[in-house]
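Worksheet: one structure, shown below.
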Amino acid sequence: MSKHSQSVLQILNTHVEAAFSALDLPVEYGRVVVAGKPDIAPFQCNGALAAAKFAKKSPRDIAQAVVEKLENIADIAKADIGGPGFINLTPAQSLVHTRANGLAASETTGARHAEVTKKIIVDFGGPNVAKPMHVGHLRSSVIGDCLQRLLRFRGHDVVSDIHLGDWGLQMGHLITELKYEQPDLIYFNADITEGYPTTSPVDIDDLARLYPQASIKAKEDADRMVLSRTATSELQAGRAGYRALLNHFIEVSIIALKKDFGALGVNFDLWKGEAAVDPLIAPMVAKFKADGFAEESEGALIIRVAEDSDKKELPPLILISSAGAALYATTDLATIQDRRDTLNPDTILYVVDFGQSSHFEQVYRAAGKTGLFPKKDLEHIKFGTVNGTDGKRFRTRAGGVMRLSDLLSQAKDAATKRLDEAGLAADMDATERAEIARMVGLAAIKFSDLQNVRTTNYIFDLERFTSFEGKTGPYLLYAAVRIKSLLRKAEKMGVVVGEITPEADAEKKLVLTLDSFNRALANAEEKRMPHILCDHVYSLAQAFSKFYADCHILAPETPDTVKSSRLALAALTLRQLELGLDILGIEAPERM
RNA sequence: GCACCCGUAGCUCAGCUGGAUAGAGCGCUGCCCUCCGAAGGCAGAGGUCGCGCGUUCGAAUCGCGCCGGGUGCACCA
């Protein structure tokens, strides 16, 4: 990597490591980090404290020696010692200056590809065919979408798959419940095996009604459950009428889901489901048996996945139920095989709530044990449950489940209200206003979800979703739109961008914030944590707001070269802001 | 019962491969639009980092034990 494309932190890091090395201290002690106390200096190195024991010297003596080594380095304006031996580092003005213009010259505002790029599948652990999308689907959609965007941006070859839930007991529920309502449909006549209608006998609302009906009945009535189980097995065995129904169910579901995901701005490369791997199941199971991995137990066919090191023995993975049906884990294994053979990925990510941790542990162990796929390359990207304001989990059967589409329209309404209150978008026609309200509402929802640490539970609070002040999506859009407005004004005034010469404190801080973009991206990728990117984008907007308040850009008293410099800084900020938002899956309007 | 996750300001949350006076946002108090968009900026009040013990020069961060909450624990997905 050329010095030109290195961040200020990397350059300081190189110097400090060299200083440690020159003093015969291990280079890892020379690591430079963003300072915890930015009032003193933007960067610091804590290695002198850690190296004290190693070198059998006092931390301050080591820090003093390091600081002396750094004295004549042009990139460092100041290196001094604080507290018990912290080395505080202030980069040279020239370094910040050079880096600012380097960032401005960069297509990606300083972001780089990952050092090693891979082929990665992102599995969204998709919604079930039987159920409409509700708030519970928000997280996997929004987090999964952010990850696919982030990984692509980092140079990986990503294939996203919705992985529809279209194969288990739920299909048996739907079939039997439909039969109960409309017994005369041709699909239920076992003597007929072809010539089914091309149009579906049900729509998505029917499915949304039939499934809970059947599910409730089956829970209370064992005989009713047997009907669903039997239908499931018959479907899987290939009963033609049921297969035809399945295809209808999938078709109407996909149409509805495409609408919901379209509204969310989430796209998938593949719309495959569990049903798609049905033909692979029998041979796969046969092979597991032949290889001695699968065994009979209590009437079911299982793979034992317990390990000696387990603190708590993990139950076996059930491949084929005692009723003869393939289960969730079975289709997941078959899907891994399918992906391995058709896409040959390095890694598969499963964006699914943490409640299914042990299921995935079972599947991953089975995949590793049977030689299907290396366990270490299967990652469960778990996220917390969606809770109500009472802290209890949002449950389907609790009643009053909010549909995703309702949530989106409520967010849009709230955004419209806010636009009115703030007197924004007053001069626009109804169409443009509606479009802006849509973007603002969506930004509010997505950002409030993504900014949480993925793995913790999530409190679903509509008030919070639609609050547009502080650390929110709309604040970020506001920051972006304000810059766009500024650029338009500058163009009218004939001010053009020029070399960036950061002078004011707010300008330097903005440059250093811009410079941390690549670190945030790399860190977010490594941890698969979107909130790290959220934090960066928010810090950027904050740093810009401060700069905007402190440094007048187009004011008459601002000298022309300063105007051009600040305008360039604003333009650079906008590019990075929009890039960051885009990776989060958030779209900014031109004005609002 | 066992396993995993969580417990940080009134509220919602960052920080957790140990490092200085623990940070944001909301809410609260007070300032700032004759100055590029105030959904903004500035300042302030507000914290035994669940509790205890231990490791360490140094612990919100690591270890152990409690307490409190969530989730899961063989044929649903």
Side-chain angles (χ1 to χ4, degrees), chain A residues 35-37 40 44 46 49-50 52-53 58-59 82-86 88 125 128 130-131 165 167-170 173 215 218 225 228-229 232 274 297-302 310-323 325 327-329 331 352-359 361-362 382 384-385 387 391-393 418-419 421-422 424 440 448 451-453 455-457 459 461 463-464 467-472 474-479 481-483 485-486 489-490 493 531-532 534-535 538-539 541-542 545-546 548-558 566-567 570 591-592:
Chain A
K37 301 175 77 63
I40 302 172
Q44 68 184 85
N46 302 331
L49 294 137
K53 193 172 284 178
S58 85
F86 301 101
N88 294 314
N128 292 331
K131 305 174 194 169
W167 195 239
L169 177 67
Q170 52 187 331
H173 277 328
S215 178
M225 182 60 99
S228 289
R229 288 229 165 96
T232 306
E274 300 173 303
S297 173
E298 297 175 31
L301 191 67
I302 63 162
D310 290 346
K311 287 182 185 167
K312 155 89 176 175
E313 187 178 318
L314 197 67
L317 176 148
I318 297 174
L319 213 48
I320 302 292
S321 78
S322 49
L327 303 175
Y328 185 28
T331 54
V352 179
D353 74 277
F354 67 49
Q356 295 178 51
S357 297
S358 50
H359 160 75
E361 185 60 26
Q362 288 176 319
K382 56 191 87 171
T385 55
N387 294 347
K392 299 279 183 190
R393 187 172 187 167
R418 289 307 186 112
L419 287 173
E421 284 167 7
L424 293 172
V440 171
S448 63
Q451 69 163 316
N452 292 298
V453 171
T455 48
T456 59
N457 288 348
I459 292 187
D461 181 355
E463 284 298 310
R464 190 167 137 239
S467 163
F468 297 150
E469 279 165 8
K471 193 174 180 180
T472 64
Y475 169 80
L476 300 171
L477 297 192
Y478 176 74
V481 165
R482 208 163 47 164
I483 301 174
S485 166
L486 186 74
K489 185 169 180 183
M493 290 169 62
H531 84 276
I532 294 170
C534 289
D535 278 349
Y538 181 65
S539 301
Q542 273 186 315
S545 285
K546 173 85 173 134
Y548 183 85
D550 284 8
C551 306
H552 286 183
I553 301 164
L554 301 175
E557 66 270 21
T558 306
R566 289 179 177 170
L567 190 66
R591 52 189 199 138
M592 62 192 250

Touch class at under 4.0 angstrom, heavy-atom based, for A:Leu319 against every strand present: nothing
Watson-Crick or G-U counterpart of B:G18, or none if no pair lies under 3.5 Å: none
Presence of A:Arg482 side-chain N/O under 4.0 Å of B:A38 phosphate oxygens OP1/OP2: yes
Heavy-atom donor-acceptor pair, A:Ser297 side-chain to B:A74 base, under 3.5 Å: yes
B:G41 OP1/OP2 closer than 4.0 Å to side-chain N/O of A:Tyr475: yes
Side chain of A:Ala300 - closest among B:C57, B:A39, B:C75: B:C75
Span that lies between the P atom of B:A77 and that of B:G68, in whole angstrom: 35 Å
Sugar-phosphate, base or nothing in reach of A:Glu274, heavy atoms under 4.0 Å: sugar-phosphate
Of the listed nucleotides B:C36, B:G40, B:G25, the one nearest the side chain of A:Ser545: B:G40
Of the listed nucleotides B:G25, B:A77, B:C36, the one nearest the side chain of A:Gln542: B:G25
B:G37 base / A:Ser485 side chain donor-acceptor hit below 3.5 Å: yes
Whole-Å distance separating the CD atom of A:Glu469 from the P atom of B:A24: 18 Å
Footprint string (nucleotides 11-18 of chain B, 5' to 3'): B base within contact, S backbone only, - free, heavy atoms under 4.0 Å: -S-SS---
Pairwise C1' distance for B:U8 and B:G50, with rounding to whole Å: 10 Å
Nearest-Å distance once atom P is located in both B:A9 and B:C32: 33 Å
Touch class at under 4.0 angstrom, heavy-atom based, for A:Gly82 against every strand present: base
Whole-Å C1' distance, B:A22 and B:C13: 14 Å
Pairing partner (Watson-Crick or G-U wobble, both distances under 3.5 angstrom) of B:A24: B:U12
Upstream residue (5' side of RNA chain B) when A:Lys382 and A:Ser321 are each assigned their closest nucleotide: A:Lys382
Sugar-phosphate only, base, or nothing, as touched by A:Met493 at under 4.0 Å among non-hydrogen atoms: nothing
Among B:G1, B:A74, B:A39, the nucleotide that comes nearest once only the side chain of A:Lys312 is considered: B:G1
Pairwise C1' distance, B:U56 and B:G18 [rounded to whole Å]: 9 Å
5' precedence on RNA chain B between A:Gln44 and A:His359 (nearest-nucleotide basis): A:Gln44
Whole-Å distance separating the CD atom of A:Gln362 from the C1' atom of B:C76: 13 Å
Counterpart base for B:C76, defined by Watson-Crick or G-U wobble contacts under 3.5 Å: none
Watson-Crick or G-U counterpart of B:U71, or none if no pair lies under 3.5 Å: B:A3
Touch class at under 4.0 angstrom, heavy-atom based, for A:Ala50 against every strand present: base
Residue A:Tyr478, side-chain atoms from C-beta onward, closest of B:G41, B:G40, B:G25: B:G40
Backbone of A:Asp535 reached by a side-chain donor or acceptor of A:Gln451 within 3.5 Å: no
Pair A:Tyr478 and A:Phe468, ring centroids less than 6.0 Å apart: no
Donor-acceptor pair present, A:Asn88 side chain and B:A20 base, under 3.5 Å: yes
P atoms of B:A39 and B:A14, separation to the nearest Å: 28 Å
Atom pair distance, as rounded to whole Å: CG in A:Asp550 and P in B:C36: 15 Å
B:C6 and B:G44, which share atom name C1', separated by this distance in whole Å: 32 Å
Sugar-phosphate, base or nothing in reach of A:Leu477, heavy atoms under 4.0 Å: nothing
Donor-acceptor pair under 3.5 Å, A:Ser467 side chain vs B:C26 base: no
Given B:G40, B:C35, B:C75, the nucleotide with the shortest approach to the side chain of A:His552: B:C35
Who pairs with B:C42 - Watson-Crick or G-U, where each distance is under 3.5 Å: B:G30
Protein-nucleotide distance (A:Phe468, atom CZ; B:C26, atom P), rounded to Å: 14 Å
Listed nucleotide nearest any side-chain atom of A:Lys53, set B:G40, B:C57, B:G37: B:C57
Nearest listed nucleotide, side chain of A:Arg229, among B:A39, B:C57, B:C76: B:C76
Centroid distance under 5.5 Å and plane angle under 30°, A:Phe86 vs B:A20: yes
Syn-anti status, with the boundary at 90° from 0, for the nucleotide B:C5: anti
Sugar-phosphate only, base, or nothing, as touched by A:Leu49 at under 4.0 Å among non-hydrogen atoms: base
Sugar-phosphate only, base, or nothing, as touched by A:Cys534 at under 4.0 Å among non-hydrogen atoms: nothing
Under 3.5 Å on both distances, the Watson-Crick or G-U partner of B:C66: B:G50
Nearest listed nucleotide, side chain of A:Lys546, among B:G41, B:A39, B:A74: B:G41
